[in-house]
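Treat the numbers as computed from the prediction; the structure is a model and nothing was measured. The first residue in the sequence is number 1, and the count goes up from there.
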Amino acid sequence: MSGFLRVVGTLTFLGAVLGLIALIGQSRSADEVWQALPGVLSAMVGGVIVAAFGTMLEHMTVLRQEAEKQTKILEKLANPVLQKTVTNER
């Protein structure tokens with residue numbers, strides 16, 4: 001899912017940039033470019049946000065996996081200590 005979002009965001013951004021380049025090449029006046037600029041910029045920002053969200057999901061997945069590894073390590077370290085504490089209390 002994260003890779004898909006990054007690809008979609010990147011394609012949206014690149015599509016907006018290519019659209020702007022095509023518009024600049026075909027426009028007859030600067031007014032046409034200025035009128036289209038808010039839409040193009042919003043598409044570019046939207047693409048960046050979607051790609052950033054995909055990257056964030058990837059990082060969150062890695063963090064969750066590492067947290068699970070750390071939990072297993074801590075459980076292995078804590079088990080002997082907890083067993084000694086339980087036997088000492090009896």
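- A heavy-atom distance below 4.5 Å is not found between the side chains of Glu32 and Gln26.
- Between Glu58 atom CD and Phe53 atom CZ the span is 13.0 Å, to the nearest 0.5 Å.
- Tracing side-chain contacts under 4.5 Å through hydrophobic residues (I, L, V, M, F, W, Y), one never reaches Val50 starting from Leu11; they form parts of separate clusters.
- Hydrophobic clustering, with ILVMFWY side chains joined whenever heavy atoms are under 4.5 angstrom apart, keeps Val48 apart from Leu18.
- The distance from the CE atom of Met44 to the CD1 atom of Ile49 is 12.5 Å, given to the nearest 0.5 Å.
- Placement of Phe13 and Val7 in two distinct hydrophobic clusters is found when ILVMFWY residues are connected by side-chain heavy-atom separations under 4.5 Å, directly or transitively.
- Atom CD of Gln35 is separated from atom OG of Ser29 by 7.5 Å, given to the nearest 0.5 angstrom.
- Hydrophobic clustering, with ILVMFWY side chains joined whenever heavy atoms are under 4.5 angstrom apart, keeps Leu37 apart from Val45.
- When every heavy atom of Ala43 is checked against every heavy atom of Thr12, the shortest pair comes out as O-CG2, 3.6 Å.
- For the atom pair CG of Leu5 and OG1 of Thr55, the computed distance is 9.0 Å after rounding to the nearest 0.5 Å.
- In the displayed structure, Met56 atom CE is contacted under 6.0 Å by more than 12 heavy atoms of other residues, nucleotides or ligands.
- Under a 4.0 Å N-O distance rule, the pair Glu66/Lys69 qualifies as a salt bridge.
- Here the shortest heavy-atom pairing between Val33 and Ser27 reads CG2-OG, 3.5 Å.
- The pair Arg64-Glu68 meets the salt-bridge criterion, with a side-chain N (NZ, NE, NH1 or NH2) lying under 4.0 Å from an Asp/Glu carboxylate O.
- In terms of hydrophobic clustering, with Ile, Leu, Val, Met, Phe, Trp and Tyr side chains grouped at heavy-atom distances under 4.5 Å, Leu57 and Leu63 are assigned to a common cluster.
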